[in-house]
Visitor: 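The structure under discussion is supplied below as structure tokens; questions concerning it will follow.
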Amino acid sequence: MDGIHDLGGTQGFGRIDIEADEPVFHHPWQRTSFALMMATQIVMRSHNTDEYRHAIERMHPAHYLLCDYYERVLTGTVSLLLEKGHLSREDLEQRAGGVFELAGPVADRPMADLTPQPEARFSVGDRVRVLTISPSGHIRAPKFCRGHEGTVIHRAPKFRFPDTSAHGGELRKEHTYHVEFASKDLWSDSDAANDSVIVDLWDSYLEASS
Amino acid sequence: MDGIHDLGGTQGFGRIDIEADEPVFHHPWQRTSFALMMATQIVMRSHNTDEYRHAIERMHPAHYLLCDYYERVLTGTVSLLLEKGHLSREDLEQRAGGVFELAGPVADRPMADLTPQPEARFSVGDRVRVLTISPSGHIRAPKFCRGHEGTVIHRAPKFRFPDTSAHGGELRKEHTYHVEFASKDLWSDSDAANDSVIVDLWDSYLEASS
Amino acid sequence: MSEETDRNTRPKASIEQRVVATKEALIDAGRITEADLDQFAHMAQDWRPENGAKVVARAWTDPDFRARLLEDATSACAEMGYAGPQGEYIVALEDTPDRHNVIVCTQCSCTAWPVLGLPPDWYKSPAYRARVVREPRRVLREMGLQLSNEVAIRVWETSAETRYMVIPLRPEGTQSLTEDALANLVSREALIGVALANPPTR
Amino acid sequence: MSEETDRNTRPKASIEQRVVATKEALIDAGRITEADLDQFAHMAQDWRPENGAKVVARAWTDPDFRARLLEDATSACAEMGYAGPQGEYIVALEDTPDRHNVIVCTQCSCTAWPVLGLPPDWYKSPAYRARVVREPRRVLREMGLQLSNEVAIRVWETSAETRYMVIPLRPEGTQSLTEDALANLVSREALIGVALANPPTR
């Protein structure tokens, strides 16, 4: 999904300030929101982590940008509880005393047509290119690296493929690779002569490059 | 600038509703905001249209998405009035009785290194590719078409080149071209088999393609 | 405290207060006058989609005008008195039975003011600007315009200085209508391409 | 009325109200218990950057541990009792005099909870997520870390399941410090890579 969540490289944001001695939670509701997120996935088994991440991605862009992280956590969690039929919106809004902002719906055809890769196709040192796919559903290849070439610097174990896992597709696992991209290849006007960005990418996001 | 304003293709927004018999302005302040935008450019000659558009692009992304169009109009206009020294923030905030939200600063090196093209290099029927530049300043080639190939279907007159005009660079004029892109080339998962997007692009944004 | 939290906790002036403050500061400084502002506010009221509708109706009824409009819409519109800011270079896009045109400005909200008027809220919304380039068929359907899959959609992105207007298909059963009556069938939405011209009322 | 206007005019439940409503609805339905929630809230308090700081201090003082950490950080951290959710596959990134590492999750806010703790607000902010991949040197400078242009910056995007921790350079003048004292020099910010390890206080 080419959503607001895929923030890497977006310009126009301001300074980043570190809060000294920041507590784990600033407000008690944040702690509860976190615990609800964990309990619905681990105790209730209502949904998996990929569905959860995608639910947050489906929030309205203005709501996403404006709200606290733990409000995103709650919004994604509750959207799935409603979509899975565990709770009703009417009951929730009655209890909450007002409109309960939720994530938007899943796209009709959320998954790109990618071939599963049961065996690792790439090795450290290989040059690879990220496919220029743009599915409307969950994908963990950031937009900023799609279509770009990089070098494999590490091969990680197999992990569940998020694009299908988030959408009830075939459960499969694939190796991921730490692919290093030169910053100046990603952004033409970068002044980062020697700097690089490393992205952890699933096998089927990649193709061999020369 | 890869800012929030460059919305084409971003997903996660909801329905679009047409208001029946919509008035030109819903509130008197919108009329004044529009008139101020025109008067500061045409009467005061405080700044040009390209500077104005870029000032709006420099608004904080959350503010940009959330506010009314005529609030963007005012914010861009006033940001430039302050940057050009026509008004002071202190005076304005005293008059307004609170914080006056403004656009962020212009980037240090806002312009891409593009070669001026005094003569039209392309003709109807030519295949062209949009450069994959990503300057931090004003640019009117939407992100969604950069790096993509299309066909020239019309050559327009010369117009002021916005990237330099917005940043006090060399004043120059170049032809623009209506370049047609197949929708399925722009977005891999598009179901728009025969649909296309036409973008009006300046000569120096383009390179010949085979 | 994060930057967002910080932005949200400082007391902000309302938009009405900010507009008045700006206006009064500029007037007090002698940089603009009330008359300047009135002039531009009145211009905004004169730019209206009825202008474009009249252009379309003439194109439907006068083949020579239609030819001039398709060749050089800026002059053809000026001929009818429609010219000015954001109308310096107008291109007319004629719909055909197998091709539908629709206009958007993804990067801001540009429109041909003299013939279409200042754009409506939906045209300026992030949702329209984001979506119509990528999924035009779906967007048009949601907005009430169901096009056959045989009809190719051309989405025109107004990112440079060309300003567009759509010449929709002339509805069936309008042979006997006057130019004025035909103009009444053409809404702002039809000039942008998210609606067809209306059928004649009985 | 535009969609944005519509969204802004309906009365919304506050976030506190929404959290309480969700919690009570799930408890009333018998789907989760207060004890479940307490369990996860307590876990969150146990994941702390002090854990990662101890890992770093041991790596600085124990060459065998350092080798194990760089070879397989998941096991090395588990050896010290740090394992669990978001710590299933940890990779340690060792800074060198000419290479500095920094971590971000541009798409959400993933972090190695068992060794870094739940991430701080700045790490979760759109600004950090958007900017540090594109202009890391500037972002680090703004955050108080001025790196020589000779030092190459590697920005690690946590978009898949690998979770990273940075092993910062051991500060000068710390030869005589104990492992505990060394751990006190390593902040959460240093483990993420937006700060260096602190110099020893006299």
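These values consider heavy atoms only, across backbone and side chains, with no hydrogens, waters or symmetry-generated copies. Naming convention: chains lettered A, B, ... in sequence-line order (proteins, then strands); numbering from 1 in each chain. Just so you know, these numbers come straight off a predicted model, no measurement behind them.
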Visitor: Of all heavy-atom pairs between B:Gln11 and A:Met1, which one has the smallest distance, and what is that distance?
Guide: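 Minimum heavy-atom contact is OE1-CA, 3.4 Å.
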
Visitor: Among A:Pro61, A:Gly3, A:Gly12, which residue forms the greatest number of heavy-atom pairs with chain B at distances under 4.5 Å?
Guide: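 Ranked by contacts with chain B, first place is A:Pro61.
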
Visitor: For the side-chain contact (heavy atoms from CB on, under 4.5 Å) test, which of A:Pro135, A:Ser134, A:Ser136 pairs with B:Trp187?
Guide: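 Looking at A:Pro135, A:Ser134, A:Ser136, the match for B:Trp187 under the side-chain contact (heavy atoms from CB on, under 4.5 Å) is A:Ser134.
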
Visitor: Distance from A:Thr132 atom OG1 to B:Leu186 atom CG, nearest 0.5 Å?
Guide: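 Answer for the OG1-CG pair, A:Thr132 versus B:Leu186, is 11.0 Å.
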
Visitor: Take atom CD of B:Glu207 as the centre, draw a 6.0 Å sphere, and report whether it contains more than 12 heavy atoms from other residues, nucleotides or ligands.
Guide: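 Atom CD in B:Glu207 is packed in, count exceeds 12.
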
Visitor: Can you tell me how far apart CG (B:Leu7) and CD1 (A:Ile4) are? Round to the nearest 0.5 Å.
Guide: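 Rounded to the nearest 0.5 Å, the CG-CD1 separation comes out at 8.0 Å.
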
Visitor: Between B:Ala62 and A:Leu66, what is the shortest heavy-atom contact and its length?
Guide: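 So the two residues come closest at CB-CD1, 3.3 Å.
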
Visitor: By a 4.5 Å heavy-atom criterion (distance strictly below it), what part of B:Thr10 contacts chain A: side chain, backbone, both, or neither?
Guide: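 Backbone plus side chain of B:Thr10, per the 4.5 Å heavy-atom cut-off to chain A.
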
Visitor: Taking side-chain hydrogen bond (donor to acceptor under 3.5 Å, both in side chains) as the definition, give me every residue that meets it alongside A:Lys173, ordered by chain and number, with sequence neighbours left out.
Guide: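 Testing A:Lys173 for side-chain hydrogen bond (donor to acceptor under 3.5 Å, both in side chains), a comparison that skips the adjacent residues, returns none.
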
